[in-house]
Amino acid sequence: MKALVLKGRGHIEYISKDIPSLSDEHGVLLRPILVSPCTSDVHTIWQGSPKRENLTLGHECVAEVAYTGSDVKDFKAGDVVAVPALTPDWSHPDADTNPGHAGVNFSGHMLGKSIDGAFQEVFYMPHADKNLAHIPEGVSLEQALMCADVVTTGFTAAEEAGIKEAYTVAVFGIGAIGLAAIMAAKLYGAGKIFAVGSRPENVRIAQELGAEVINYKTCRCELPDGMHPMSNSTGSQAVNYILAHTGTKGADAVLICGGNDYTFPQAVDVCRYGTGIVSNVMYYGADTDTPAGDIDGIIIPKFSIGRGMSGKTLKFSLAKGGRKRMEYLLGLCRDKKINPEIFITRRYEGLESVERAIYDMKNREAIKIAVKI
């Protein structure tokens, strides 16, 4: 069968592989129907730590069940299912309390990381009854595809920030995950949502979702009178704008869904003293070759952290996964509370198109791409 694999840093290639075997009776074999390359695939290819030889990529997928193990009770051959990007190892005793990292760090992020992913003709999924989800009637395959990773990640950012009614929220990065975070913030009752980004199509969708978009490239705003210059550690005009338009209080919840190494100090700068939460779901490209004793780190501005006494909470989260999570998000689609299909701005057909779609994501030529296999 054909598979798109990681050959080395910055190098992907289609190769022929044997059809996988059913490793455990709690697992299933799946045929991908609809897949989407992710910025995480881009990170894995060009920035990630070394992976095993010829690892098949891909972790956003809607698939058809091809074969089930004898222990699988809730799924049968021919079922079309949503495959979450995060598939915890439910056999580990820590799985119920720490599903994403049970036993081994990032153990829940198996697909396309430690086991072969969805960018091949048939792939294996363990713990099917606890990981896969049936797609409710009225939910499109593209909606289900977006729920697999993008929606759950954006919603995780909002949920970890504890967004409540009338909260002021700031979202940094309005790629697909940031847009999903805006969607979640609105659903959970945010009163005001600032969104920092610049790509025109993303700006349009963010505004339609109810956010006030701050274009960090063109925004011009002075730091409010009376605020110490160190309140804005990076000199960002977007930070000035948020502080000016919140009466210098900042945001109750700050969601980091994209940006660069300067985004984190900006988020800390605009986070409200005493009760504010910075919720990060963005991937930072760590330099694994940093010598021992040196720090490849994230900047935390001392002034805005109150020299360590600001009362601000910082959270760094892996997206939530598993069957129950997918059922919750798919239910929101079914009940027409969200429609993540709007994130898909480009569509291709054929497994041979996945490589092209990955480069499109690398070059930011689409918000999200759906590839029909």
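Computation of the quantities below employed the complete heavy-atom set of this structure, encompassing side-chain atoms and omitting hydrogens, waters and symmetry-equivalent molecules. These numbers come from a predicted model, not from an experiment. Count residues from 1 along the sequence.
For the pair K324 and Y328, the cation-pi criterion (under 6.0 Å, within 45° of the ring axis) is not fulfilled. For the pair K2 and Y14, the distance from NZ or CZ to the six-membered ring centre is under 6.0 Å and the angle to the ring normal is within 45 degrees. In this structure, K164 is not positioned above the aromatic face of Y188 in the sense of NZ or CZ being under 6.0 Å from the six-membered ring centre and within 45° of the axis.
Put simply, CG on L57 and CD1 on I45 are 5.0 Å apart, with the number rounded to the nearest 0.5 Å. A distance of 7.0 Å separates CD1 of I342 from CG of L179, quoted to the nearest 0.5 Å.
For the residue pair N232 / S236, no side-chain donor-acceptor distance below 3.5 Å is found, with atom types taken as modelled. Using a 3.5 Å distance cut-off with no hydrogens or angles, the side chains of K7 and N54 do pair a donor with an acceptor. Between the side chains of W90 and N131, at least one donor-acceptor pair of N or O atoms lies under 3.5 Å. E222 and N240 share no side-chain donor-acceptor pair at under 3.5 Å. A donor-acceptor contact closer than 3.5 angstrom links the side chains of D89 and H127. Looking at T68 and K76, their side chains never bring a donor and an acceptor atom within 3.5 Å of each other.
Proximity of a side-chain donor or acceptor of D116 to a complementary backbone N or O of T56 within less than 3.5 Å is detected. Checked by atom type and distance alone, the side chain of S107 pairs as donor or acceptor with a backbone atom of A102 at under 3.5 Å.
Taking hydrophobic clusters as Ile, Leu, Val, Met, Phe, Trp and Tyr residues chained together by side-chain heavy-atom distances below 4.5 Å, I174 shares a cluster with L209. Placement of V213 and Y241 in two distinct hydrophobic clusters is found when ILVMFWY residues are connected by side-chain heavy-atom separations under 4.5 Å, directly or transitively.
Salt-bridge formation is detected for the pair R325/E159: a Lys NZ or Arg NE/NH1/NH2 atom is positioned less than 4.0 Å from an Asp or Glu carboxylate oxygen.
When the options D129, T87, D74 are evaluated for a side chain to side chain donor-acceptor pair (under 3.5 Å) with R323, the one that passes is D74. The side-chain contact (heavy atoms from CB on, under 4.5 Å) with P126 is formed by just one residue from the set D24, I115, V28, L22; it is I115.
Ring centers of F264 and F316: under 6.0 Å apart, within the cut-off.
The environment of CZ in R199 is crowded: more than 12 heavy-atom neighbours from other residues, nucleotides or ligands sit within 6.0 Å. Environment of CG in N363: crowded, with over 12 heavy atoms of neighbouring residues, nucleotides or ligands closer than 6.0 Å.
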